[in-house]
Each structure stands twice: as structure tokens, then as C-alpha cells.
Protein chains: 2
Amino acid sequence: MASLLALLQPMRRIILYSIVLGLLLVLMQYVQYRFLFIRRADSVYTGIVAAVCCAAGIWGGWRWNYARRHTPAPELPLNLPNSAGTNTEAVIARLGLTPREVEVLQYLSKGLSNQEIADAMFVSLNTVKTHISNVFSKLDVQRRTQAIQKVKSLGLLSD
Amino acid sequence: MASLLALLQPMRRIILYSIVLGLLLVLMQYVQYRFLFIRRADSVYTGIVAAVCCAAGIWGGWRWNYARRHTPAPELPLNLPNSAGTNTEAVIARLGLTPREVEVLQYLSKGLSNQEIADAMFVSLNTVKTHISNVFSKLDVQRRTQAIQKVKSLGLLSD
DNA sequence: AAAGACCTCATACTTTCGGGTGATTTTACG
DNA sequence: CGTAAAATCACCCGAAAGTATGAGGTCTTT
């Protein structure tokens, strides 16, 4: 049984959302049964609806989760040799920048605010702050304007 | 007499600083006379010192004033044709940027903070804010990062 | 199974920015 | 000489940015 739980571990959030969605819809059915015109709905019908909605919840939860982590590159072009002659990926590797940090850096160097970056990346403002803070320390700068300068001088990103 | 005052008008600050410096040093002399070992210092000696210090005050005040307004261009290279093919001065004229605003913009695009710009230009933080605010409205941007982007896209400044 | 890298998010706090307004002082020019 | 543009500075206030700390969750590797 422990192995089963371990197997279900990565899907915990999906399952949670599914259950919540299912229960919510069961509640809706109940309310409809109690107060609206479909008075003859029996428990079987309710159960079927609940099952369908639960499935929908699973699908939706999976979709949501998948979209969050498998929507990698924005339309920002980069990678491969860059304008400064150096190899972009080599520079990134040398600085120890993670993919997410590079992504934040791209948006940042385009002049976006933290909130706008958060919206674009489907994460919270705090997460963006964390990424940016890490980027700053890795680039050895204090402000975003300095980060832009650094990025330009390093030939990172598209200019 | 009115014309004399008008003549002295531009030097008001210099005179003010001179007087303050002179009085301060007279006070120092007095204190030294009262409490330290040079008990035989007479009023003539004190007066000479005061006069010398007043002259020093005038010189210092002039220097300070002169340095403020005759230290024009920082080491930032620009002017004339730029990297983007357009004429830099023409762009500046089209945007209606004043010399001081261009100077601020240079420092800003180098990643300096407002306070650092103020220190570099020998003006107060508030003045820098005013300049930057005007620059933003003329560039039609809201943030300094966007201003940098704009400057880059317009081909202004070096780089 | 344990470890480490990454990602995510929160909370609290301080500092910096940016907008708005108003005022005085230089400077340049006709 | 007077006016207009530029430059200087101040004060207030809200928003944004940045710092520090802690804490889970996920995934890969050993």
C-alpha cells in the first residue's frame, strides 16, 4: 500500500482538485434536486453526473498542471550563437542560470515589471521576486537596470 | 543701488557661502582665543585670519559653483552618428530632450540609481527625479527599464 | 530510499521609483 | 530689460522593487 501511495504522490494535486470539483458538482446537483424543477432526479442520475464531473475534474486538473510546466519557451528568441560572438548557452552554463531564471531574465530585459512577468509565466509575484533575486546574485548586480546592462555586455539574449 | 543688487544676483550663493565660512572661522578663532594657549592673540591677528578665511570662502564658493555648471560631459561617449544609422542629435531634438535630460538618461541607461545619478551630477535627488520624470514623459514610458529599451531602439547613446 | 537541484510560494520589512504639485533660480534671447 | 525655457529643489504619497528567511513540492540521480 505504501508503494501505491508513493505512486500517487506526484498526482496529489490533480487528485485533490478532482475530488474538490466532483464534490462541488455533487453539491450543485443536490441543490438543484432540492429547489429546482427536476424533482424526480434519482440518486443514480446524480451519481452519474458526479462521476462525469469527477472525470472532467481529473482532465482539467491534469491540463492545468501540464500547461504550467510544459509551456516552456515564450516567443522570445535566443539560444545558439549570439550577437556578441560568444556562445549563449555556454555563458548561461558558466553563470549557473537555471532555465526559469533565464526566462525571467528575458522578460526583465524587455522592460516588463515583476507583476507582468508573473502574469506571463503563470507564477506568483513572489516567485518572480525569488527568481530575480537569484539572477541578481548570479549576475552580481543589485538592480534590474544593471542586470540589463550585464546581459547586454555578456551578449546574452537577443538585443 | 538696484542695479548693484541685480549685478550681485547671480553670485548670491557664492556670497552666502563666503560669509558663512568667514563667520564660522572667526568663531573658531574666538574659541581658540578664549580657551587655548594662544592667549596673547590680539584682535588684529583675528581680523587677518578672518579676512583670509573669507577670501578662501569666496574662492571655495566660486569653485563649487563653477564645478557644478562647468563640468559638462561625463566620460560617456555619444553624439554624432550612432549605431542605429540615425542621427543622434536629430533624435534628441525631435524628442525635445534638454542637455541635462540627456545626461541623466545616459547615467540611467548605465544602470545607476537615482541617488547615484544625483551624486554624479552634483544635484539633489529630487532634481534627478524631476529630470527623469520629464524624460519618461518625453519618451512615453513608465519605467526606467522601458526607457533603456527605448533608448536602445532609437539608437541613442553608445551601444 | 536518500540527496540535491529547481521551482514554487509566503511573510515581513526596507528601500527605491514614479507621479503630482508647486516654487525659486539661472540662463538664453530678442 | 523682460520673458520663456531650463534647471534646481522640496514635499507628499502610493506603488514597485529588492532583501531575508523559511518551507514545501517535484524531479533526477545515485
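What you are looking at is a predicted structure, and each value in this text was computed from that prediction instead of being measured. Lettering follows sequence order; numbering is per chain, from 1.
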Could you state the [atom1]-[atom2] distance from [X] to [N], rounded to the nearest angstrom?
| X | N | atom1 | atom2 | value |
| --- | --- | --- | --- | --- |
| A:L97 | C:dC7 | CG | C1' | 15 Å |
| A:L95 | C:dA5 | CG | P | 17 Å |
| A:M121 | C:dT8 | CE | P | 6 Å |
| B:R144 | C:dG18 | CZ | C1' | 9 Å |
| A:L112 | D:dA15 | CG | P | 20 Å |
| A:L125 | D:dT19 | CG | P | 14 Å |
| B:F136 | C:dC17 | CZ | C1' | 8 Å |
| A:Q142 | C:dT14 | CD | C1' | 15 Å |

Here the pair of heavy atoms bringing A:Q106 nearest to A:S109 is O-OG, 2.9 Å
Checklist line | Side-chain donor/acceptor of A:Q146 to backbone N/O of A:Q142, under 3.5 Å | finding: yes
I'd like to know if the side chain of A:K150 and the backbone of A:V141 have a donor-acceptor N/O pair within less than 3.5 Å. no
In this structure, CZ of A:R94 is separated from CD1 of A:I92 (nearest 0.5 Å) by 11.0 Å
From the candidates C:dG18, D:dC9, C:dC7, the one with an atom nearest any side-chain atom of B:S124 is D:dC9
- OP1, OP2 of C:dT16 versus side-chain N and O of B:N114: anything below 4.0 Å? no
Short side-chain N/O contact from B:R143 to OP1 or OP2 of D:dA16, under 4.0 Å:
no
Within residues 126-133 of chain B, the residues having a heavy atom closer than 4.0 Å to DNA chain D are B:N126, B:T127, B:T130, B:H131
> Is it the case that A:S133 and A:T130 place a side-chain donor and acceptor less than 3.5 Å from each other?
Replying inline: no
The single option from B:T127, B:N126, B:I132, B:V104 that satisfies side-chain contact (heavy atoms from CB on, under 4.5 Å) with B:N114 is B:I132
Hits for salt bridge (charged side-chain N to carboxylate O under 4.0 Å, His left out) against A:K129, two or more places apart or cross-chain, chain-then-number order -> none
